[in-house]
Trainee: 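Before anything else, here's the structure in question.
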Amino acid sequence: MKKYYFTIIIILAITALFSCKKEEEIVIINLPPTQVLEQNTNYAVIVSSHLRLRTEPSVKAKAVTTLWKGYILEIVSKSSKMDNVEGVDNYWYQITYGGLKGWVFGAYVMLLSSHEKAKEESEKLKT
């Protein structure tokens, strides 16, 4: 019976030692502000009379549909390098419009930073 009590006391002592946690210290790190390197452009408005939405960023890619002047497009991504179409250098932009997704050439769209600005420019182009 003494061994039993001795074992229980040892187990309780070990449990007590390991259950005492040291409170973690909270470290606050103050980071300096960073400069904005590039303004993200999220929207575009078509400025040409019509524009083909393509499956790939190339004039040789299949056209999905034709989009019209003043349509507001949401930009998903941009090609990594510029391309030359009809003597103009620009990027290809992957966009969504009305459930469709595809690529348009940047020379035929106006890039804007907000949906509100895109709506304003779209209204100007339609008049």
Side-chain angles (χ1 to χ4, degrees):
M1 192 74 154
K2 285 185 180 182
K3 280 186 172 181
Y4 179 72
Y5 287 125
F6 182 70
T7 306
I8 291 175
I9 291 172
I10 297 288
I11 292 172
L12 289 173
I14 292 172
T15 305
L17 284 173
F18 287 106
S19 66
C20 296
K21 282 185 171 179
K22 183 180 176 185
E23 194 172 311
E24 290 185 30
E25 186 177 324
I26 297 174
V27 178
I28 298 173
I29 302 172
N30 291 319
L31 298 173
T34 58
Q35 293 179 333
V36 176
L37 299 177
E38 181 179 329
Q39 181 179 359
N40 290 333
T41 302
N42 298 319
Y43 295 92
V45 175
I46 299 173
V47 294
S48 66
S49 63
H50 63 282
L51 180 60
R52 290 187 180 93
L53 179 65
R54 299 188 179 274
T55 57
E56 300 290 329
S58 167
V59 292
K60 295 178 182 177
K62 180 182 174 187
V64 176
T65 191
T66 300
L67 304 173
W68 305 100
K69 185 176 186 174
Y71 280 14
I72 299 172
L73 313 173
E74 186 173 359
I75 296 176
V76 176
S77 67
K78 175 175 89 169
S79 61
S80 59
K81 60 183 179 179
M82 286 193 166
D83 195 1
N84 186 290
V85 174
E86 297 178 349
V88 178
D89 290 328
N90 212 311
Y91 292 99
W92 285 88
Y93 291 91
Q94 186 178 32
I95 63 94
T96 60
Y97 176 81
L100 298 173
K101 191 172 185 178
W103 293 85
V104 296
F105 190 63
Y108 306 110
V109 297
M110 178 188 306
L111 303 175
L112 300 151
S113 60
S114 72
H115 191 259
E116 291 75 29
K117 290 179 183 178
K119 284 195 316 193
E120 289 174 16
E121 293 301 325
S122 174
E123 289 303 318
K124 289 178 190 175
L125 290 169
K126 291 178 181 178
T127 57

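Residue indices begin at 1 and follow the sequence shown.
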Trainee: Heavy atoms, side chains only, cut-off 4.5 Å: are V85 and N90 in contact?
Mentor: no
Trainee: Taking all heavy atoms of D83 and all of W92, pick out the closest pair and write down the distance.
Mentor: OD2-NE1, 2.9 Å
Trainee: Test Y97 against L53 for side chain to side chain contact (heavy atoms under 4.5 Å, CB included), laying out the working first.
Mentor: CA-CA 9 Å; Y97 176 81; L53 179 65; 5.7 Å; no
Trainee: Is the shortest side-chain heavy-atom distance between Y108 and S49 below 4.5 Å?
Mentor: no
Trainee: For the side chain of R52 and the backbone of A63, is there at least one donor-acceptor N/O pair under 3.5 Å apart?
Mentor: no
Trainee: Rounded at 0.5 Å granularity, tell me how far CG in N42 sits from OG in S113.
Mentor: 7.5 Å
Trainee: Specify the closest pair of heavy atoms between I46 and L73, including all atoms of both residues, with the distance to one decimal.
Mentor: CG1-CD1, 3.8 Å
Trainee: Taking G70's backbone N and O only, do any of them form a donor-acceptor pair with S122's side chain (distance below 3.5 Å, no angle check)?
Mentor: yes
Trainee: Taking C-beta and beyond as the side chain, do K101 and I95 meet within less than 4.5 Å on heavy atoms?
Mentor: no
Trainee: Side-chain contact test, heavy atoms from C-beta onward, threshold under 4.5 Å: evaluate it for H50 versus Y71 and give yes or no.
Mentor: no
Trainee: If you compare all heavy atoms of V47 against all heavy atoms of A107, which two are closest, and at what distance to 0.1 Å?
Mentor: CG2-O, 4.4 Å
Trainee: Apply salt bridge (charged side-chain N to carboxylate O under 4.0 Å, His left out) to residues E120 and K117 and explain how you reach the verdict.
Mentor: CA-CA 5 Å; E120 289 174 16; K117 290 179 183 178; over 6 Å; no
Trainee: Find out whether the Lys NZ or Arg CZ of K78 is both under 6.0 angstrom from the six-membered ring centre of Y93 and within 45° of the ring's axis.
Mentor: no
Trainee: What are the two closest non-hydrogen atoms of T55 and A61, and how far apart are they?
Mentor: OG1-CB, 3.8 Å
Trainee: If every non-hydrogen atom of S77 is compared with every non-hydrogen atom of W103, which pair is closest and at what distance?
Mentor: OG-CH2, 3.9 Å
Trainee: Examine the side chains of E116 and Y43 and answer whether a donor and an acceptor come within less than 3.5 Å of each other.
Mentor: no
Trainee: Could you tell me if the side chain of V59 sits less than 4.5 Å from the side chain of F105, heavy atoms only?
Mentor: no
Trainee: Do the non-hydrogen side-chain atoms of L100 and T65 ever get within less than 4.5 Å of each other?
Mentor: yes
Trainee: Could you tell me the separation between the CD1 atom of I72 and the NE2 atom of H115, rounded to the nearest 0.5 Å?
Mentor: 4.5 Å
Trainee: In the single-linkage hydrophobic clustering (I, L, V, M, F, W, Y; side-chain heavy atoms under 4.5 Å), do L111 and V76 co-cluster?
Mentor: no
Trainee: Side chain to side chain contact (heavy atoms under 4.5 Å, CB included), that's the test. Do V109 and L51 meet it? Break it down for me.
Mentor: CA-CA 9 Å; V109 297; L51 180 60; 3.8 Å; yes
Trainee: What pair of heavy atoms forms the shortest contact from R54 to V64, and how long is it?
Mentor: C-CG2, 4.1 Å
Trainee: Just verifying a value: how many Å separate Q94 CD and I75 CD1, rounded to the nearest 0.5 Å?
Mentor: 11.0 Å
